[in-house]
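Below you'll find the structure, written out as structure tokens, and then a few comments.
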Amino acid sequence: NKSEHPTLAMSVELESVFLQLCGGSTAMMDALTFVQLFHDADLIDRNLTPANVEMIFAHAKSSDKQHLDFPHFLSALLMAAECKYGNEASEAVLRLEDAIIDCGRKFTDSFHHE
């Protein structure tokens, strides 16, 4: 439901980062990549631990899948934002989104400079 996370749903840049991290050939993210994204974006702390991120991934994915598509990725980010920053949802989502987009830019820059 787009009304639940309008800021995330409208982010073309966030979708671009998602697709880069998925490797381009598939628009599905595995648990390892999801957890690594939170490490790379410096989002792991005492409020949002690797175990929390793994549980969020498991909860957000479809029960018959082992990967996240983009809509489920958005749902997972919303859950992660609430876990990390508390219940100020819109502010939390923006902070998390900014960190992930910045991480994606660094990934793209390092990829193009190799």
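Bear in mind that the values here come from a model prediction, so they are computed numbers and not experimental data.
Across all non-hydrogen atoms, the minimal contact from A76 to F34 is CB-CZ, 3.6 Å.
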Assess whether side-chain contact (heavy atoms from CB on, under 4.5 Å) is satisfied between L21 and M29, documenting all intermediate values. CA-CA 7 Å; L21 293 171; M29 182 178 286; 3.8 Å; yes
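With sequence neighbours excluded, the residues satisfying side chain to side chain contact (heavy atoms under 4.5 Å, CB included) with Q66 are K61. With sequence neighbours excluded, the residues forming a side-chain hydrogen bond (donor to acceptor under 3.5 Å, both in side chains) with K84 are D45, listed by chain and number. Here H72 pairs with S62, D69 under the side-chain hydrogen bond (donor to acceptor under 3.5 Å, both in side chains) rule; sequence neighbours left out.
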Please tabulate, for the side chains in residues 35-43, all donor-acceptor contacts under 3.5 angstrom to protein atoms that are two or more places apart in sequence or on a different chain.
unit_1 : atom_1 : unit_2 : atom_2 : d
Q36    : NE2    : D40    : OD1    : 2.7

Report all side-chain donor-acceptor pairs from residues 46-57 shorter than 3.5 Å, counting only partners two or more places apart or in another chain.
unit_1 : atom_1 : unit_2 : atom_2 : d
T49    : OG1    : A51    : N      : 3.4
T49    : OG1    : N52    : N      : 3.1
T49    : OG1    : N52    : OD1    : 2.9
N52    : OD1    : T49    : N      : 2.8

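Taking CD of E13 as the reference point, atom CG of D102 lies at 8.5 Å (rounded to 0.5 Å).
By the rule that hydrophobic residues join a cluster once side-chain heavy atoms approach within less than 4.5 Å of another member, M28 and L68 end up as members of separate clusters. F73 and I101 fall within a single hydrophobic cluster, where Ile, Leu, Val, Met, Phe, Trp and Tyr are joined by side-chain heavy atoms under 4.5 Å apart, directly or via other members.
The shortest distance between side-chain heavy atoms of L74 and L14 falls below 4.5 Å.
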